[in-house]
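All ligand and atom numbering here is 1-based and tracks the order in the structure. Heavy atoms only: backbone and side chains are in, while hydrogens, waters and symmetry mates are out.
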Amino acid sequence: MIDIQPIEWLGNRVKLLDQTRLPQEEVYLELSDYQAVASAIRELKIRGAPAIGVAAAYGIALGALEIRTSDREAFRRRLNEIIRTIAATRPTARNLFMAIEQMEQAASLDENTEQLKGALIYQAINIHSTEIEATRRLAEFGAELLKDNATILTHCNTGSLATTGSGTALGVIKQLAQQNKKITVLVDETRPLLQGTRLTAWELSRANIPFKLITDSMAGYFMSQGRVNSVIVGADRIAANGDTANKIGTYTLSVLAMENGIPFYVAAPVSTIDLALSSGKEIPIEERNPAEVTHLQGISIAPEGTLALNPAFDVTPHHYITAFITEKGIIKEPYIERLKKITG
Ligand code: MRU
């Protein structure tokens with residue numbers, strides 16, 4: 001079911017599908033140094049929490065390959081600098097830091113520097129295949145939860161582009177379509193960077209799954225009209241109590257869903273859960289360049305000098321979330337105990 005490969009490891013280079021050029025152009029980049037991978041993550045050429053984690057892991061592996069010393073301590077010092085650069089790219093997605101922790105574990109093995117390079121590459125490939133398998137499993141669980149005749153609203157892009165697997169929320173939608181379930185899909189634009197319009201619409205078109213595009217501000221109207229019976233979104237970081245950071249606008253959708261008696265599902269791999277944070281208040285929210293709001297694809301749409309705000313994510317309090325769809329099954333309240341159990 002995965003026909004899109006946003007990230008591919010080529011042995012000494014990483015190949016990325018440049019998501020800023022979609023849907024107009026399908027351009028692949030071949031990057032051979034970690035700084036280029038860090039820039040690609042920062043500039044959203046590769047994006048979506050699980051895909052960021054995978055790209056980060058390959059970026060660290062590339063950085064390790066560039067280190068010339070055979071002294072283990074010097075190797076680890078240099079690797080730490082590389083890791084710091086990768087860690088500073090995007091603050092919100094838990095998967096980035098989960099990947100970094102797993103790469104640090106690989107680097108701590110009692111091996112010589114050549115063996116450590118091999119261990120880092122092996123770990124990055126492992127992180128990649130784990131994410132692919134996680135979305136495959138969670139899509140199956142999600143498709144069991146959502147019955148026939150689902151009219152689904154989804155936000156941002158949570159498909160292959162964002163996960164390297166079939167997707168989280170979009171993976172569930174693809175799975176339902178594959179099972180020939182009758183579904184209606186509404187995709188919202190996801191301002192300011194239009195991941196819905198550009199990326200989700202592209203993925204669904206390629207998969208021949210019918211959908212309708214709506215503006216973000218139409219969501220409440222369609223919910224109040226009874227034209228949405230489930231909302232499914234992805235997640236960038238889930239705190240221990242279930243509070244969830246996801247693309248800006250998710251919180252608004254969750255409140256509208258509750259107001260209209262519509263279940264609100266968060267689909268995410270376990271790698272997105274951060275038990276170190278007790279609530280969503282502790283999740284760091286990325287602030288991006290205001291030009292992403294005042295400009296559309298590089299063209300200014302606001303009067304000269306307009307000041308804009310641009311938080312990239314918001315936090316949905318756990319009580320708005322009907323259930324989490326994970327590769328370990330469907331998780332309902334009480335979240336504190338159950339999220340802890342599945343991450344163990
Ligand atoms: O800024 P982005 O495009 O990286 O944000 C992506 C999202 O918010 C997704 O919903 C989230 O990463 C989950 S993707 C499986």
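- For L44, no nitrogen or oxygen atom sits less than 3.5 Å from a nitrogen or oxygen atom of ligand 1, counting backbone and side chain alike.
- When each of L120, I60, N126, I127 is tested with Q102 by the rule side-chain contact (heavy atoms from CB on, under 4.5 Å), just one qualifies, namely I127.
- No hydrogens or angles considered: a donor-acceptor pair under 3.5 Å links the side chains of S271 and E131.
- Interface of K247 with ligand 1, defined as ligand atoms under 4.0 Å from a residue heavy atom, comprises 1 (O), 2 (P), 5 (O), 8 (O).
- In A49, the parts holding a heavy atom less than 4.0 Å from any atom of ligand 1 are both the side chain and the backbone.
- Within the structure, ligand 1 has R90 among the residues with a heavy atom less than 4.0 angstrom away.
- At a heavy-atom cutoff of 4.0 Å, ligand 1 is contacted by the side chain of Q195 but not by its backbone.
- Separating the CG atom in L339 from the OG1 atom in T272 is a distance of 11.5 Å, to the nearest 0.5 Å.
- For the residue pair N241/S279, the side-chain donor-acceptor check at 3.5 Å is not satisfied.
- Nearest non-hydrogen protein atom to atom 3 (O) of ligand 1 is R47 NE, 2.5 Å.
- Looking at I52 next to ligand 1, no N or O pair under 3.5 Å apart turns up.
- With ligand atoms numbered from 1 in the order given, ligand 1 contributes 14 (S) to contacts under 4.0 Å with heavy atoms of A162.
- Ligand-side atoms of ligand 1 in range of D236: 7 (C), 8 (O), 9 (C), 11 (C), 12 (O), range being under 4.0 angstrom from any heavy atom.
- Residue contacts with ligand 1: P50 is included, with a non-hydrogen atom under 4.0 Å away.
- Polar contact check, H155 against ligand 1: no nitrogen or oxygen pair lies under 3.5 Å apart.
- An N or O contact shorter than 3.5 Å links N246 to ligand 1 by distance.
- Checking E133 against S129 by side-chain atom types alone, no donor-acceptor pair falls below 3.5 Å.
- Ring geometry for Y335 versus F324: interplanar angle over 60°, hence perpendicular rather than tilted (30 to 60°).
- With respect to H128, the ring-ring contact (aromatic ring centres under 6.0 Å, His included) criterion is satisfied by exactly one of Y58, W9, Y122: Y58.
- If you take OG1 on T158 and CG on D236, they are separated by 11.0 Å, rounding to the nearest 0.5 Å.
- Between T163 and ligand 1, no N or O atom pair is found at a separation short of 3.5 Å.
- Closest protein heavy atom to atom 15 (C) of ligand 1: T168 OG1, 3.1 Å.
- Only the backbone of A235 comes within 4.0 Å of ligand 1, judged by heavy-atom distances.
- The cationic group of R198 does not satisfy the cation-pi geometry with W202, failing either the under 6.0 Å distance to the six-membered ring centre or the 45° limit from the ring axis.
- More than 12 heavy atoms of other residues, nucleotides or ligands sit less than 6.0 Å from atom OH of Y28.
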